[in-house]
There are 2 protein chains.
Amino acid sequence: MNTLEKCVRILTLFSKTKPTATVSYITKQLGLPSSTIYRYIAMLKRSGLIEQTDQAGMYCLGTKILELAHNVPKKSVQETSLPIMAQLSGKAGETVTLTGLREHDGICLEKVDGHHAFRVSFERGTTFPLHAGASGKVLLAHLDPQKQDQIIKELKYDKFSETTITEPKQLKAEIATISKQGFALSNGEMIHGTYGIAAPIFSLSRNVIAALSISAPNHRLEEKQRKQMVQLIVAAANKITDELALYET
Amino acid sequence: MNTLEKCVRILTLFSKTKPTATVSYITKQLGLPSSTIYRYIAMLKRSGLIEQTDQAGMYCLGTKILELAHNVPKKSVQETSLPIMAQLSGKAGETVTLTGLREHDGICLEKVDGHHAFRVSFERGTTFPLHAGASGKVLLAHLDPQKQDQIIKELKYDKFSETTITEPKQLKAEIATISKQGFALSNGEMIHGTYGIAAPIFSLSRNVIAALSISAPNHRLEEKQRKQMVQLIVAAANKITDELALYET
DNA sequence: GGTCTTATTCTCACATTCTGGGAATGCAAT
DNA sequence: ATTGCATTCCCAGAATGTGAGAATAAGACC
């Protein structure tokens, strides 16, 4: 394990739910001696990647990361998708999210909020596992079989709610269906009380590169609206796929 | 120069204006042999901090950085400031920005856009040098004298426009005035055609921790409006300072 | 004030990793 | 065929990283 890897591990320990950490916490998590961690913290602090909180001994991610994040280029998917997402969100009134794939996780690349005060909203940069929620499942369903199998094996199957799929077998069956029908549904698999519909976006070479999804409190996505929404989201995703194909030559 | 520092240097090479780079470019910029850079690129790619573009040999910052950025905690300044910024932006109709200090640069921490279609707008995470623009100058003006002198010496004095201050002496005089009057003005120092007004936000120990600023096309901030705006922005900044003091005990 | 606990820095002999010139491969354009 | 560039590999010497433990600092608790 080299320096960079250790640094990234330290940085990845911080999360929305645990935004600050002490050296002793990091020590325990990584199983490395505290003198080593102190050295790393000092290095990371020098480069601005982490900062010290007001409270002594507390550290958090630093603003240097914001600076870097500002320079992460938007991929063509994002640029192509945004106007279509805005249009869809306007028509449907609900939050529309574009989700990409990173290693074995999904990550929210873009979102356009719906106009309802009571709404579901992910932030850009939010990551989540692929076994729960419409976006995750639709991404998984259209991956090539090897990667799919590998991910299905390695998933941790955290149970977020009553409906979360926690069995590999069940997940396999589900994504087989999704792959056939071309869209995924999620009834509160990740967030209880919400409903999600997602459709895949493909590259010219027919690899999934992202998922387009719509999320809402589940009473606003019941049977009758749902059918129409599925059509809308699939149509929008296809439109993005088509537009991308034009540019990729 | 250790591994992390080299990694950060590589990552920092990418910018909004140069979002992608080849190995040979990085090699030239850092003056390190290409075999070394290839090794680093491989490491950085493995950790998700950089990604390969569609074009062979092109690299860009990776989505792992977005994930990390998502977990950078908002400081209390940000949380305290946002509602006040929104109120101010609503009243003034212009873009209001909260700027922090990072090393020798300013960095945009939060912004609330004004309602005018023709407006100035920084994105969160944008960095800029301290010699140009109202925010930079106001931050610089209220730093302790040692840091101030050091930064004044080390600044590169890029000339962004006709009015950019490029002389240390001139800058010193300017920040002396700013320090006395408690706010800074900028007539297109960073972006030609725009006008900026900024006021400092202090910690309980009376150190500057951020600057609140308003920016607009300069015809909308002429003499008459300007006086009123200065009052508004100074009042808002003071309000934030006061609210922060309540929490800091 | 005394006594913990915990944060933080430092040291140093030792181990590991990093380094970079150069050679080699592959690919695409000239 | 040739050039140019991307990329990988090799390896001995050089530079860094490592971590136990000592030492110091700074609160917290009694």
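Everything quoted here is computed from the prediction, not taken from an experiment. To find a chain, count down the sequence lines: A is the first, B the second, and so on, and within it residues start at 1.
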Engineer: Using a 4.0 Å heavy-atom cut-off, write out nucleotides 5-22 of chain C from 5' to 3' as B (base contacted by protein), S (sugar-phosphate only) or - (no contact).
Structural biologist: --SBBB-------SBBBB
Engineer: Can a salt bridge be assigned to the pair E51(A) and K45(A) using a cut-off of 4.0 Å between side-chain N and carboxylate O?
Structural biologist: no
Engineer: Let me have a per-nucleotide readout for nucleotides 24-30 of chain C, 5' to 3', with B, S or -, counting only protein heavy atoms under 4.0 Å.
Structural biologist: -------
Engineer: Are H142(B) and F202(B) an aromatic pair by the rule of ring centers under 6.0 Å?
Structural biologist: yes
Engineer: Taking E123(A) first and then K111(A), would you say they form a salt bridge - that is, a charged N and a carboxylate O separated by under 4.0 Å?
Structural biologist: no
Engineer: Compute whether any side-chain donor of one residue and acceptor of the other, for T22(B) and S24(B), lie under 3.5 angstrom apart.
Structural biologist: yes
Engineer: Answer yes or no for K18(A) and Y25(A): cation-pi contact, defined as NZ/CZ to six-membered ring centre under 6.0 Å and angle to ring axis within 45°.
Structural biologist: yes
Engineer: Taking 4.0 angstrom as the limit, do K137(B) and E174(B) come out as a salt bridge?
Structural biologist: yes
Engineer: Could you tell me whether the side chain of L140(A) reaches within less than 4.5 Å of the side chain of V208(A), counting heavy atoms only?
Structural biologist: no
